[in-house]
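Step one of this worksheet: look at the structure below.
These numbers were taken from a predicted model, which means no experiment stands behind them. By convention in this document, chain letters (A, B, ...) are assigned in the order of the sequence lines, proteins followed by strands, and residues within each chain are numbered from 1.
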Number of protein chains: 2
Amino acid sequence: MEHIKEKLSQGGYKLTRQRQVILEVMQDSEGEHLSAEEVLQVARHKSPSLGIATVYRTLERLAGLGILYKTRFDEGKYRYELADDAEHQHHHVQCIRCGRIFELDEGLLDSIEQEIMKQGFTVINHFLTIYAICPECNQD
Amino acid sequence: MEHIKEKLSQGGYKLTRQRQVILEVMQDSEGEHLSAEEVLQVARHKSPSLGIATVYRTLERLAGLGILYKTRFDEGKYRYELADDAEHQHHHVQCIRCGRIFELDEGLLDSIEQEIMKQGFTVINHFLTIYAICPECNQD
DNA sequence: CAGAAAATGATAATGATTATCATTATTGGA
DNA sequence: TCCAATAATGATAATCATTATCATTTTCTG
Ligand SMILES: [Mn+2]
Ligand SMILES: [Mn+2]
Ligand SMILES: [Zn+2]
Ligand SMILES: [Zn+2]
């Protein structure tokens, strides 16, 4: 948390009550991937007058600072989660039957990255989503 | 083209004038990734009364049949391209400076897939986009 | 404290996509 | 060939997530 506060102030942002609450929501939802609207609903328990515009602005800033990951699955909206401290975002497998999302190791793409670097690119980030049928759904 | 017509009729769709025109547009734009609106603009050269709803419907059906790939880069809309005959979609590197899109080999993710299969998943498809600085932009 | 700058919340605007519906085209029998 | 059923189309309205705007409030700095 201290770590996060540092990043915020380094980015030139103040830790307002609203931002604090939104951060707490993200920390309390470990393992989930929340949409802006979902963040708003939960955050309003602590800050009832919170506006959706502030949620969008805050999530955007936090993602820009690397504090959050911002991912779009197979639907029209973005979802957010607290970032781990890896260099790049981790990746996901989504089950096309039950919709559950599974996390993948961050390092999985390292060899691919190497290959691309060799061709003269500088890799900044990468996004991978795999669509699959999960072990459980496979049993039916 | 025959190949494509087959897929269409197997999917229960007729090859109407509009669908023909849209398919021609996609074939004539090898290497590009077109949005629905861009497809409409070009297709209207041959079929001026074509409506945007038909373009969306057709692109959606063609993607569903595996004739087109449907990809969203870092912007709000989908882009389409003619599919190659690989099992899964190929992947992209987009330069964050000049915006150009580079194609990646389809097989790159095979080893990752193997790994996930071992865990009991059945992989259906996967989407990877890498954001990087391309060799040319790297020179500045 | 005063003034400047940053942040917030309500709400309007945007833009891509989807839904609706009346009209038109196609098709497989009678 | 004609008809009825079905599929497809095009215009346009509706949807929905996100962004922009702007007046108000909060925070900071001197
Ligand atoms: Mn995740
Ligand atoms: Mn491509
Ligand atoms: Zn499942
Ligand atoms: Zn470039």
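Here the CG-CD distance, from A:Asp74 to A:Gln94, works out to 7.0 Å after rounding to the nearest 0.5 Å.
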Query raised in the report: Under the ring-ring contact (aromatic ring centres under 6.0 Å, His included) criterion, do B:Tyr69 and B:His33 qualify, and how do the steps go?
Result: CA-CA 9 Å; B:Tyr69 291 157; B:His33 301 81; 9.4 Å; no

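Salt-bridge formation is detected for the pair A:Lys70/A:Glu60: a Lys NZ or Arg NE/NH1/NH2 atom is positioned less than 4.0 Å from an Asp or Glu carboxylate oxygen.
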Output side-chain donor-acceptor pairs under 3.5 Å for residues 119-128 of chain B, partner residues at least two apart or in another chain, one line each.
| from | atom 1 | to | atom 2 | distance (Å) |
| --- | --- | --- | --- | --- |
| B:Thr122 | OG1 | A:Asn138 | OD1 | 3.3 |
| B:Thr122 | OG1 | A:Asn138 | ND2 | 2.9 |
| B:His126 | ND1 | B:Glu113 | OE2 | 3.1 |
| B:His126 | NE2 | B:His91 | NE2 | 3.4 |

Atom pairs under 3.5 Å, N or O on each side, protein against nucleotides 25-30 of chain D: can you list them with distances?
none

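Partners of B:Glu103 under the salt bridge (charged side-chain N to carboxylate O under 4.0 Å, His left out) rule, at least two apart in sequence or in another chain, do not exist in this structure. In this structure, A:Gln114 has no side-chain contact (heavy atoms from CB on, under 4.5 Å) partners at least two apart in sequence or on a different chain.
Toward the 5' end of DNA chain C, the nearer of the two residues B:Gly76 and B:Ala53, judged by each one's closest nucleotide, is B:Gly76. Between A:Lys77 and B:Gly12, the residue anchored nearer the 5' end of DNA chain D, judged by the nucleotide with its closest heavy atom, is B:Gly12.
The aromatic rings of B:His90 and B:His92 stand perpendicular to each other, their planes meeting at an angle above 60°, with 30° marking the opposite boundary.
Think of the region where chain B sits on DNA chain C: with heavy atoms and a 4.0 Å cut, that region ends 5' and 3' at C:dA16 to C:dT20.
Nucleic acid contact for B:Ser49: sugar-phosphate only, since backbone atoms but no base atoms lie under 4.0 Å from a heavy atom of the residue. Within the 4.0 angstrom heavy-atom criterion, base atoms lie near A:Arg57. Within 4.0 Å (heavy atoms only), A:Glu37 reaches no atom of the nucleic acid at all.
Identified under the salt bridge (charged side-chain N to carboxylate O under 4.0 Å, His left out) test for residues 41-57 of chain B, with sequence neighbours left out: B:Glu24-B:Lys46.
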